[in-house]
Amino acid sequence: MIPAPYRPSLRRVAGVATATALAMFLAACGSAPHKPSSSQRRNPASAVPVAKNLNWSMAPAAAPPADAANDVLFRAIGLVGTPYRWGGNTPQGGFDCSGLINYIYMTSTGLRLPRTSAEMAALDKPKVRESELASGDLVFFGRGHITHVGVYVGKGRFVHAPNSGGTVRLDDLEGAYWKENFAYGRRVLN
């Protein structure tokens, strides 16, 4: 028998057991396994992670989910720091500007966009002036023809994959280069 001064109280034992159970529950919630699609099982190296709004399908969405702009914003911010790679379209392999936008929209909304910035700029979606931009809008840059695209995240800022040797970053539309080369925005999400 354990002497009284060293015997744990029932309340203390219950508290420790409850805390341990809660920690195990939270750890399980935070480490849920990723459910791969059939294309990911066939070719895991080139697979695009599936977003929560896609119901584990890579099929294009009939319409973006109601919270699509927030999903786009958080996905874009989460990719800041990913290396630039010309022609890249995954976090593992790096991104070019249009590959980044395609990845963001496909994994957060299920929308498949054209591959190049010029093709995205030609989408039959409403053009938006800089003063009317909303989170999730595409922002296009170039003189004479479109050469770059990013995604607007609010407060005059946008996320993009700028150039070789760089990383995905958050920039201000008021920066000298971007202000001079801003063409227009497009509202992909309605």
Side-chain angles (χ1 to χ4, degrees), residues 46-54 58 60-61 63-190:
S46 65
V48 174
V50 180
K52 66 177 179 148
N53 288 330
L54 299 180
M58 290 303 288
D67 59 350
N70 275 341
D71 287 352
V72 166
L73 177 132
F74 287 115
R75 178 68 55 142
I77 299 281
L79 293 167
V80 168
T82 304
Y84 176 92
R85 185 179 67 111
W86 187 84
N89 60 6
T90 67
Q92 299 80 13
F95 292 109
D96 67 7
C97 68
S98 57
L100 172 68
I101 302 308
N102 270 300
Y103 180 86
I104 290 169
Y105 272 82
M106 184 61 201
T107 59
S108 62
T109 70
L111 296 175
R112 293 180 194 257
L113 298 176
R115 177 60 181 107
T116 68
S117 57
E119 291 169 336
M120 287 179 197
L123 282 170
D124 187 22
K125 296 289 183 177
K127 271 189 180 178
V128 181
R129 291 190 301 255
E130 185 176 351
S131 61
E132 300 168 331
L133 288 169
S135 291
D137 287 346
L138 300 182
V139 287
F140 295 97
F141 303 89
R143 290 181 161 195
H145 65 282
I146 298 301
T147 58
H148 192 64
V149 62
V151 63
Y152 188 74
V153 296
K155 296 187 178 186
R157 298 184 302 177
F158 67 106
V159 171
H160 65 121
N163 56 16
S164 189
T167 62
V168 172
R169 68 182 192 216
L170 183 65
D171 270 331
D172 195 318
L173 285 171
E174 293 299 312
Y177 178 84
W178 304 116
K179 187 174 184 74
E180 187 175 314
N181 288 280
F182 179 81
Y184 50 85
R186 281 230 188 259
R187 181 137 313 141
V188 177
L189 304 170
N190 292 337

J.: Return the set of residues passing ring pair (Phe, Tyr, Trp, His ring centres under 6.0 Å) with Phe95 (not counting sequence neighbours), or none when no residue passes.
T.: Tyr103
J.: On a heavy-atom basis, which atom in Ala183 and which in Gly142 lie closest, and how many Å separate them?
T.: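 Scanning both residues completely, I find the closest heavy atoms to be CB-O, 4.4 Å.
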J.: Treating Ser98 as the side-chain partner and Arg115 as the backbone partner, does any N or O pair qualify as donor plus acceptor under 3.5 Å?
T.: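 Pair found, side chain donor or acceptor close to backbone of Arg115.
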J.: With side chains defined as the heavy atoms from C-beta onward, is the minimum distance between Tyr84 and Thr167 less than 4.5 Å?
T.: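 Side-chain contact under 4.5 Å: no.
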J.: Test Leu100 against Thr82 for side-chain contact (heavy atoms from CB on, under 4.5 Å), laying out the working first.
T.: CA-CA 10 Å; Leu100 172 68; Thr82 304; over 6 Å; no
J.: Using the ring pair (Phe, Tyr, Trp, His ring centres under 6.0 Å) criterion, which residues pair with Tyr184? Sequence neighbours excluded.
T.: Phe140
J.: Report yes or no: does Arg187 contribute a side-chain atom to a donor-acceptor pair with the main-chain N or O of Pro126 at less than 3.5 Å?
T.: no
J.: In Å and rounded to the nearest 0.5 Å, what is the OG1 to CZ distance from Thr90 to Arg85?
T.: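 If we round to the nearest 0.5 Å, Thr90:OG1 and Arg85:CZ are 6.5 Å apart.
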J.: Looking at every non-hydrogen atom in both residues, tell me the closest pair between Val128 and Asp137 and how far apart they are.
T.: CG1-OD2, 4.0 Å
J.: What distance do Ile146 atom CD1 and Met120 atom CE have between them, rounded to the nearest 0.5 Å?
T.: 12.0 Å
J.: So, the side chain of Arg157 versus the backbone of Leu170: is there a donor-acceptor pair under 3.5 Å, distance only?
T.: no
J.: Can you name the closest pair of heavy atoms from Ile104 and Arg75 and give their distance?
T.: CA-CG, 4.0 Å
J.: Does the side chain of Val188 reach to within under 4.5 Å of the side chain of Thr109, using non-hydrogen atoms?
T.: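 No, every pair of side-chain atoms sits at 4.5 Å or beyond.
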J.: Assess the pair Phe158 and Phe141: is the distance between their ring centroids shorter than 6.0 Å?
T.: yes
J.: Is there side-chain contact between Arg143 and Asn181, with at least one heavy-atom pair below 4.5 Å?
T.: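 They are in contact (side-chain heavy atoms under 4.5 Å apart), so the answer is yes.
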J.: Can you name the nearest heavy-atom pair linking Val72 to Ser108, along with the distance?
T.: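 It is CG2-OG, 3.4 Å.
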J.: Just verifying a value: how many Å separate Leu189 CG and Leu138 CG, rounded to the nearest 0.5 Å?
T.: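 Those atoms lie 8.0 Å apart.
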J.: Working to the nearest 0.5 Å, report the span between OH of Tyr152 and CD of Glu132.
T.: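 Output value for this atom pair is 11.5 Å.
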J.: Over all heavy atoms of both residues, which pair between Val168 and Leu79 is shortest? Give the atoms and the distance, please.
T.: CB-O, 3.4 Å
J.: With side chains defined as the heavy atoms from C-beta onward, is the minimum distance between Asn102 and Asn89 less than 4.5 Å?
T.: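 Asn102 vs Asn89: side chains apart.
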J.: Could you check if a side-chain atom of Trp178 sits within less than 4.5 angstrom of a side-chain atom of Asp172, using non-hydrogen atoms only?
T.: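 Trp178 vs Asp172: side chains apart.
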J.: Name the one of Thr147, Thr116, Asn163, Val149 that satisfies side-chain contact (heavy atoms from CB on, under 4.5 Å) with Cys97?
T.: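 For Cys97, the side-chain contact (heavy atoms from CB on, under 4.5 Å) check succeeds only for Val149.
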J.: Kindly indicate whether the side chain of Asn70, heavy atoms from C-beta on, has any atom under 4.5 Å from the side chain of Ser135.
T.: no
J.: Backbone N or O of Ala121 within a donor-acceptor pair of the Arg186 side chain at under 3.5 Å?
T.: yes
J.: If you look at every heavy atom in Val139 and Val151, which pair is closest and at what distance?
T.: CG2-N, 4.1 Å
